[in-house]
Amino acid sequence: LAQRSVASKGYFETITWSFTDEKLNNNFKEKFKSIKIINPISSELNVLRNSLYPNLIFYLEKNLNRGFGDQALFEIGPTFFGKNPGQQITTICGVKKQHIEEENFSEKKELIDVFHIKKDLVQTLIELGIDREEMKIETSSPSYYHPGISGSINSKNRNCIFGYFGQLNPKIITKTFGFEII
């Protein structure tokens with residue numbers, strides 16, 4: 001159901017390794033520690049991912065460098081917050097970026113902004129069975145989001161977070177938007 005919901009919004013599904021490059025992962029690990037792999041298959045895939053973003057951004061940029069235009073990718077998979085069994089959660093993550101050519105800039109009708117990615121997240125949550133009346137939007141988000149151009153969707157009645165959305169921090173990648181359902 002989650003796959004169909006996100007794909008119906010124009011995102012292409014990716015399936016990547018549960019491990020990633022430690023340098024990329026460091027941008028998204030927040031308070032968690034890197035979980036190093038003792039015998040990695042390559043030096044670039046040496047830690048378990050704390051977020052789905054590192055691999056999604058890697059492939060988003062790879063596609064852009066190969067000449068593919070606008071990108072919208074998503075993945076559903078495990079993220080790790082410890083090395084013991086059970087210290088992982090399945091998350092849904094999507095990224096969106098427009099390829100803007102300077103000479104054709106005036107032809108673009110509508111640029112992606114934070115409201116587009118918020119709409120994708122809210123609509124996906126509704127399709128997954130969460131009542132819109134149960135949702136409360138707040139301005140808090142992890143540091144890998146752009147401060148002021150991001151937020152979270154929390155439960156009004158329970159003390160839990162449904163997900164985050166917004167522009168990713170420009171120190172990591174420019175003009176890229178994403179959402180996570182945790």
Side-chain angles (χ1 to χ4, degrees), residues 1-14 16 18 20 24-35 48-58 60 70-82 86-98 110-182:
L1 181 65
Q3 285 172 303
R4 201 171 318 133
S5 175
V6 179
S8 73
K9 293 162 187 61
Y11 291 80
F12 290 98
E13 184 175 17
T14 62
T16 66
S18 290
T20 191
L24 289 171
N25 191 65
N26 284 343
N27 292 317
F28 300 96
K29 70 180 185 178
E30 290 295 290
K31 64 185 181 284
F32 301 116
K33 293 188 178 182
S34 293
I35 304 163
L48 290 173
R49 62 187 177 194
N50 295 111
S51 169
L52 296 178
Y53 275 127
N55 291 346
L56 283 175
I57 288 172
F58 176 81
L60 176 107
D70 297 354
Q71 296 285 306
L73 305 174
F74 82 97
E75 183 169 9
I76 300 171
T79 58
F80 301 86
F81 56 90
Q87 291 184 317
Q88 68 186 50
I89 56 170
T90 299
T91 59
I92 302 169
C93 186
V95 291
K96 230 178 206 185
K97 182 171 184 134
Q98 279 181 313
E110 187 177 22
L111 296 175
I112 296 172
D113 64 18
V114 70
F115 301 107
H116 290 96
I117 207 77
K118 176 181 148 192
K119 179 180 155 242
D120 289 348
L121 174 57
V122 168
Q123 190 60 40
T124 300
L125 290 170
I126 290 168
E127 290 167 4
L128 292 175
I130 296 171
D131 185 1
R132 185 184 298 266
E133 297 301 314
E134 171 69 12
M135 295 181 207
K136 175 174 65 170
I137 297 170
E138 296 189 356
T139 57
S140 60
S141 61
S143 65
Y144 47 85
Y145 286 98
H146 191 300
I149 310 178
S150 60
S152 63
I153 299 183
N154 304 316
S155 170
K156 280 184 181 174
N157 303 320
R158 296 176 279 154
N159 189 20
C160 71
I161 298 171
F162 295 131
Y164 298 105
F165 66 92
Q167 182 175 338
L168 295 176
N169 195 314
K171 292 177 183 172
I172 299 169
I173 186 169
T174 59
K175 295 187 173 118
T176 303
F177 295 86
F179 72 85
E180 300 170 281
I181 299 174
I182 50 176

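Throughout, numbering of the chain's residues begins at 1 and tracks the sequence. Values below: every heavy atom of this structure, side chains too, minus hydrogens, waters and symmetry copies.
- Under the rule for a side-chain contact (heavy atoms from CB on, under 4.5 Å), the partners of Thr91 that lie at least two apart in sequence or sit in another chain are Leu52, Thr79, Ile89, Ile182.
- Of all heavy-atom pairs between Ser155 and Lys136, the closest is O-CE, 4.1 Å.
- Here the straight-line distance linking atom CD of Gln123 with atom CZ of Arg132 works out to 6.5 Å at 0.5 Å rounding.
- The heavy-atom pair separating Ser51 from Phe28 by the smallest distance is CB-CB, 3.7 Å.
- Checking Thr20 against Asn55 by side-chain atom types alone, a donor-acceptor pair falls below 3.5 Å.
- For Glu127, the salt bridge (charged side-chain N to carboxylate O under 4.0 Å, His left out) criterion is met by Lys9, not counting sequence neighbours.
- Taking the side chain as every heavy atom from C-beta outward, Tyr144 and Glu180 approach each other to under 4.5 Å.
- Remark: Ser150 engages Ser141 in a side-chain hydrogen bond (donor to acceptor under 3.5 Å, both in side chains) (not counting sequence neighbours).
- Under the ring pair (Phe, Tyr, Trp, His ring centres under 6.0 Å) criterion, Phe179 pairs with Tyr11, sequence neighbours left out.
- Applying the side-chain hydrogen bond (donor to acceptor under 3.5 Å, both in side chains) criterion to Ser8, with sequence neighbours excluded, gives no partner residue.
- Residue Gly178 comes nearest to Tyr53 through the heavy atom pair C-OH, 3.1 Å, listed as atom of the first residue, atom of the second, then distance.
- Shown here are the side-chain hydrogen bond (donor to acceptor under 3.5 Å, both in side chains) partners of Tyr164, two or more places apart in sequence or in another chain: there are none.
- Atom CG of Leu48 and atom NZ of Lys33 lie 15.5 Å apart (nearest 0.5 Å).
- Looking at heavy atoms from C-beta onward, Leu121 lies out of side-chain contact with Ile117 at the 4.5 angstrom threshold.
- For Ile137, the side-chain contact (heavy atoms from CB on, under 4.5 Å) partners two or more places apart in sequence, or in a different chain, are Lys118, Ile153, Phe165.
- Atom NZ in Lys97 sits 6.5 Å away from atom CG in Leu60 (nearest 0.5 Å).
- The backbone N or O of His146 sits nowhere less than 3.5 Å from a side-chain atom of Asn169 that would complete a donor-acceptor pair.
- For the atom pair CE (Met135) and CG (Asn157), the distance works out to 12.5 Å, reported to the nearest 0.5 Å.
- With sequence neighbours excluded, the residues that form a salt bridge (charged side-chain N to carboxylate O under 4.0 Å, His left out) with Lys96 are Asp120.
- Among residues two or more places apart in sequence or in another chain, the side-chain contact (heavy atoms from CB on, under 4.5 Å) test is passed with Ser140 by Glu138, Ser152.
- Take Asp131 and apply the side-chain contact (heavy atoms from CB on, under 4.5 Å) test, not counting sequence neighbours, and it matches Glu133, Glu134.
- Sorted by first and then second residue, the salt bridge (Lys or Arg N to Asp or Glu O under 4.0 Å) pairs with a member in residues 139-149 form an empty list; sequence neighbours excluded.
- Between the CG atom in Leu24 and the CZ atom in Arg49 there is a gap of 13.0 Å [rounded to 0.5 Å].
- In terms of modelled atom types and a separation under 3.5 Å, the side chain of Asp113 and the main chain of His116 share a donor-acceptor contact.
- Here the side chains of Gln3 and Ile76 are in contact, with some heavy-atom distance below 4.5 Å.
- In this structure, the separation between CD1 on Ile112 and NZ on Lys175 is 12.5 Å, given to the nearest 0.5 Å.
- Formation of a donor-acceptor pair under 3.5 Å by the Glu75 side chain with backbone atoms of Thr16 is found in this model.
- Using a distance-only test at 3.5 Å, with no hydrogens or angles considered, no donor-acceptor pair links the side chain of Gln167 to the main chain of Val114.
- Environment of NZ in Lys156: crowded, with over 12 heavy atoms of neighbouring residues, nucleotides or ligands closer than 6.0 Å.
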Checklist entry - So Gln98 and Leu111, side chain to side chain contact (heavy atoms under 4.5 Å, CB included) or not? Walk me through it. => result CA-CA 7 Å; Gln98 279 181 313; Leu111 296 175; 3.4 Å; yes

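- Side-chain contact between Asn27 and Ile57 is absent, with no heavy-atom pair separated by less than 4.5 Å.
- Residues satisfying the side-chain hydrogen bond (donor to acceptor under 3.5 Å, both in side chains) criterion with Thr14, sequence neighbours excluded, are absent altogether.
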